[in-house]
K.L.:
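Quick one: the structure is below, questions incoming.
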Amino acid sequence: MLSGVATEPDPGATILWVGQDREGHWLVQENHGRMEGRFVSRAAAWQFARAERHAFPGAELVEADQPLVASVSFDPVGPDECARRRAA
């Protein structure tokens, strides 16, 4: 089901939110924090959200009416930070 702008429904429901953050990046976020993606355009974000519904059966696609907050920083790693290798 594709919905328009809506408020958070049943907490047990799975929602794939599509929207922008305050900096204008397009994001797709699963409401329980299990998935997040960043995209260059609205069309790319919606395409991804539709494609990812297979991983979240019954998920509702909803366009966010408020800016989304990215759970993963998009800032580059600072000189005093160390990027870790992928966990084994």
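Treat the numbers as computed from the prediction; the structure is a model and nothing was measured.
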K.L.:
Which atom pairs, donor and acceptor, lie under 3.5 Å between side-chain atoms of residues 37-44 and protein residues at least two apart or in another chain?
P.N.:
unit_1, atom_1, unit_2, atom_2, d
R38, NH2, H25, NE2, 2.6
S41, OG, A44, N, 3.0
R42, NH2, E63, OE1, 2.7

K.L.:
Where do G19 and A64 come nearest, in terms of heavy atoms and distance?
P.N.:
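That would be CA-CB, 4.3 Å.
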
K.L.:
Are E52 and V28 side-chain neighbours, meaning at least one heavy-atom pair lies under 4.5 Å?
P.N.:
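SC-SC contact between E52 and V28 ruled out.
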
K.L.:
How close do M35 and L16 get, heavy atom to heavy atom, and via which atoms?
P.N.:
CE-CD2, 3.6 Å

K.L.:
If you round to the nearest 0.5 Å, how far is CG of L27 from CG of D21?
P.N.:
5.0 Å

K.L.:
How long is the gap from CZ on R53 to CZ on F48, to the nearest 0.5 Å?
P.N.:
13.5 Å

K.L.:
Could you tell me if the side chain of T14 sits less than 4.5 Å from the side chain of R34, heavy atoms only?
P.N.:
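Yes, side chains in contact.
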
K.L.:
Using a 4.5 Å cut-off on heavy atoms from C-beta on, say whether the side chain of L68 contacts that of R22.
P.N.:
no

K.L.:
Can you confirm whether more than 12 heavy atoms, excluding those of E36, are under 6.0 Å from its CD atom?
P.N.:
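Yes, because the 6.0 Å sphere around CD of E36 holds more than 12 heavy atoms from other groups.
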
K.L.:
Decide yes or no for L61 and R50: does some side-chain heavy atom of the first lie under 4.5 Å from some side-chain heavy atom of the second?
P.N.:
yes

K.L.:
With a 4.5 Å limit on heavy-atom distance, are the side chains of W17 and E30 in contact?
P.N.:
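Answer no - side chains too far apart.
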
